[in-house]
Amino acid sequence: MLQRTKIVKLLASEQPVEEVLIKGWVRTRRDAKDFSFIEVNDGSCLKNIQVIANNNLKNYEEVKKLTTGSSLEVRGALVRSQGGNQKFEIAAAEVVIYDMAPEDYPLQKKKHTDEYLRTIAHLRPRTNKYGAAFRIRSELSFAIHKFFHERGFRYVHTPLITGSDCEGAGEMFRVTTLDMNNIPHTKDGKVDYGKDFFGKEAHLTVSGQLNGEMYAMGLGDIYTFGPTFRAENSNTTRHAAEFWMIEPEMAFADIHDDMDLAEDMVKFCIGHLLKNSHEDLELFDKFVEPGLFDKLHNIVEKGFARITYAEAIDIMKKSGHKFEYTPEFGIDMQTEHERYLAEVHFKRPVIVRDYPKEIKAFYMRLNDDGRTVAAMDVLVPGIGELIGGSQREERLDVLLRRIKELGMNEADYEWYLDSRRYGSVPHAGFGLGFERMMMLVTGIGNIRDVIPFPRTPNSINF
RNA sequence: UCCGGCUUAGCUCAGCGGUAGAGCAAUCGGCUGUUAACCGAUUGGUCGCCUGUUCGAAUCAGGCAGCCGGAGCCA
């Protein structure tokens with residue numbers, strides 16, 4: 001029984017092969033006098049393989065009707081091509097048609113806009129661009145795991161449903177099994193979550209960090225890589241309600257170890273893609289972001305700039321550049337500031353650290369100056385904030401003081417505080433938005449186009 | 001959520017007060033080792049929805065919806 005061969009393997013062949021079997025979808029068909037050229041793609045790579053279907057095939061009349069999008073298998077010989085655009089092609093001995101795509105197949109053999117393809121997100125992986133994008137997405141995921149695995153980090157699965165409604169990273173989606181048309185109430189008129197599935201309020205996670213820290217305190221170096229949910233009404237090209245995040249956490253590490261890890265990880269992943277996804281990346285360098293390869297090589301080869309928040313403010317003040325929001329110590333950095341630093345001033349990724357404590361989360365470690373925290377953001381050209389991280393506050397008394405200052409409920413964090421009560425150690429970590437990294441490496445400008453089925457406000461099709 | 005723009009054939013768009021157009025796709029035919037093939041013909045639209053102005057609205061005004069971009073929030 002002849003085994004199916006993936007097209008990527010056939011196209012890499014050095015020699016003709018007497019008999020091969022391929023299965024895939026028709027991208028386009030062109031008729032010649034006594035035969036038909038069929039371009040077949042099976043998703044294993046960007047390129048199609050050209051099939052020569054001669055009129056001596058017993059179902060040639062059917063083959064001549066093959067439309068774009070139809071599915072088939074072809075048995076035949078891999079032979080050297082007479083045409084100039086490909087080394088090998090398949091001289092078909094048998095073509096078995098699985099399914100003929102009717103004339104209303106929505107994908108034409110021409111360029112479609114991203115906006116249109118978003119309306120048929122279930123079919124867009126069959127296009128060159130989206131096929132390439134999602135092969136890259138797969139390869140990038142693998143690179144992330146490879147990077148951490150090689151460094152001895154353990155992969156931890158933190159929960160997606162959480163009982164603490166105060167992780168402090170944005171609006172959360174409620175998880176409930178209560179009947180929305182018949183909600184139970186307590187005596188004082190509030191919703192009685194005691195009758196809900198978990199016996200208390202539950203939400204989808206906005207971050208696995210707090211759980212991740214607990215595992216770093218046991219396993220040393222860990223990372224999470226999973227879906228995250230934010231119910232923010234954000235309508236931008238860089239936000240989705242469901243996205244994937246990578247969150248490493250290192251025990252016995254400070255903010256500088258954290259920055260090193262972030263920079264190494266970004267460089268490793270891009271290096272991996274340059275090596276393993278070159279053909280797919282070429283499409284993006286050619287049609288999506290001219291100069292993409294230069295940008296990626298630049299990131300891998302040059303170090304990231306590293307400055308403090310105070311220095312960043314200073315650079316912007318002295319720049320003479322006109323900002324809509326004037327840079328002053330204490331402000332939260334705006335998109336225009338991040339872009340100026342990464343795109344105009346440094347022209348490469350820049351890590352900003354030591355932010356005023358007022359604009360950062362409670363768990364970030366208070367610096368000796370008493371007014372900044374050991375937080376760091378990695379800003380990259382074109383994207384803005386790619387990574388946000390910090391050294392965590394390991395001193396129980398300082399952490400408790402911060403929780404009080406911010407008016408948070410200490411009782412909600414008892415389990416978290418235990419890590420500071422029993423064998424507390426300096427530790428640090430960060431969060432990386434996986435889709436933003438996808439945007440960085442492909443040049444794709446909209447987060448909706450780097451995630452298979454995007455979820456954004458008012459949009460949950462497919 | 002705020003600001004701006006867009007919505008006309010399956011797709012991409014033109015038309016901007018006088019009864020709807022192009023290119024591509026599709027369909028049919030022709031030619032051809034072609035390569036987003038080529039040549040010819042045909043099909044295809046209550047111009048997003050509602051209301052108003054006007055003798056007359058795709059075109060002007062108002063409202064609504066959807067989409068796109070920017071901002072905020074952040075990953």
Side-chain angles (χ1 to χ4, degrees), chain A residues 27-40 47-54 65 67-69 79-86 89 91 101-120 127-128 167-171 205-209 224-247 262 287 324-325 332-336 338-339 359-361 377-380 383-389 430-440 445-451 456-459 461:
Chain A
R27 278 299 171 77
T28 176
R29 203 196 76 252
R30 297 177 292 273
D31 291 329
K33 195 171 179 198
D34 299 316
F35 57 92
S36 193
F37 295 101
I38 312 169
E39 296 277 344
V40 180
K47 288 205 176 88
N48 309 319
I49 195 155
Q50 176 165 284
V51 171
I52 311 296
N54 208 285
K65 288 186 197 140
T67 51
T68 301
V79 298
R80 294 197 191 279
S81 178
Q82 298 172 35
N85 285 14
Q86 60 280 320
E89 63 193 18
E103 63 191 65
D104 62 354
Y105 181 59
L107 291 170
Q108 302 169 183
K109 44 191 178 190
K110 65 160 192 175
K111 212 182 148 187
H112 287 293
T113 59
D114 293 323
E115 291 77 16
Y116 172 65
L117 291 172
R118 243 170 256 158
T119 68
I120 48 168
T127 64
N128 286 340
E167 289 173 1
E171 292 295 309
T205 185
V206 293
S207 164
Q209 182 200 311
T224 72
F225 184 5
T228 310
F229 309 88
R230 303 272 168 95
E232 304 282 353
N233 188 11
S234 297
N235 292 285
T236 80
T237 54
R238 301 183 306 281
H239 294 84
E242 177 183 289
F243 64 99
W244 285 61
M245 194 152 64
I246 294 125
E247 296 182 288
F287 301 115
E324 199 178 325
Y325 292 91
D332 213 344
M333 281 225 233
Q334 309 287 307
T335 299
E336 59 169 337
E338 297 178 350
R339 298 192 68 144
I359 59 172
K360 288 290 179 184
D377 284 353
V378 179
L379 312 177
V380 296
I383 310 288
E385 187 181 339
L386 177 70
I387 289 172
F430 61 78
L432 165 84
F434 185 62
E435 281 73 21
R436 292 200 180 165
M437 188 154 190
M438 272 297 293
M439 293 169 76
L440 173 70
N446 195 312
I447 196 167
R448 294 169 180 84
D449 300 331
V450 296
I451 190 163
T456 52
N458 251 312
S459 174
N461 296 318

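Residue numbers begin at 1 in each chain, while the letters A, B, ... track the order of the sequences. Atoms considered below: every heavy atom in the structure, side chains included; atoms not considered: hydrogens, waters and symmetry mates. Because the structure is a prediction, the values reported are computed rather than measured.
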Any N/O donor-acceptor pair, A/Gln82 side-chain to B/U34 base, under 3.5 Å: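 Between B/U34 and A/Gln82, which were checked side chain against base, a qualifying N/O pair under 3.5 Å is absent.
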4.5 Å side-chain heavy-atom contact, A/Glu171 and A/Arg230: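 Result no, sub-4.5 Å side-chain heavy-atom pair not found.
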Complement of B/U53, any strand, by Watson-Crick or G-U distances under 3.5 angstrom: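 The answer is none; no pair meets the criterion.
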Under the salt bridge (charged side-chain N to carboxylate O under 4.0 Å, His left out) rule, collect the residues that match up with [X], sequence neighbours excluded.
X        : result
A/Arg27  : none
A/Arg238 : none
A/Asp377 : A/Lys360

Under 3.5 Å, N/O pairs linking protein and nucleotides 69-73 of chain B:
unit_1 : atom_1 : unit_2   : atom_2 : d
B/G69  : OP1    : A/Asn446 : ND2    : 2.9
B/G69  : OP2    : A/Asn446 : ND2    : 3.4
B/A71  : N6     : A/Asn235 : O      : 3.3
B/G72  : OP1    : A/Gln334 : OE1    : 2.7
B/G72  : OP1    : A/Thr335 : N      : 3.3
B/G72  : OP2    : A/Thr335 : OG1    : 2.7
B/G72  : N2     : A/Asn233 : O      : 3.2
B/C73  : O2     : A/Ser234 : OG     : 2.4
B/C73  : N3     : A/Ser234 : OG     : 3.3
B/C73  : N3     : A/His239 : NE2    : 3.2
B/C73  : N4     : A/His239 : ND1    : 3.2
B/C73  : N4     : A/His239 : NE2    : 3.0

Only counting residues at least two apart or in another chain, list the ones meeting side-chain contact (heavy atoms from CB on, under 4.5 Å) with [X].
X        : result
A/Asn54  : A/Phe35, A/Asn56
A/Thr119 : A/Tyr116
A/Glu338 : A/Met333, A/Leu379, A/Glu385

Could you run down the sub-3.5 Å N/O contacts of the protein with nucleotides 9-11 of chain B?
unit_1 : atom_1 : unit_2   : atom_2 : d
B/G10  : N2     : A/Gln108 : OE1    : 2.8
B/G10  : N2     : A/Gln108 : NE2    : 3.2
B/G10  : N3     : A/Gln108 : OE1    : 3.2
B/C11  : O2     : A/Lys110 : NZ     : 2.8

By side-chain hydrogen bond (donor to acceptor under 3.5 Å, both in side chains) - contacts of A/Glu247 (at least two apart):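 Scan of A/Glu247 (side-chain hydrogen bond (donor to acceptor under 3.5 Å, both in side chains), adjacent residues dropped) gives A/Ser207.
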RNA chain B: 5'-proximal contact among A/Leu386 and A/Asn458 (nearest heavy atom):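 Looking at the nearest nucleotide for each, A/Asn458 comes out on the 5' side.
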Centroid distance under 5.5 Å and plane angle under 30°, A/Phe37 vs B/G33: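 Stacking is absent between B/G33 and A/Phe37, given that the ring centres and planes do not meet under 5.5 Å and under 30°.
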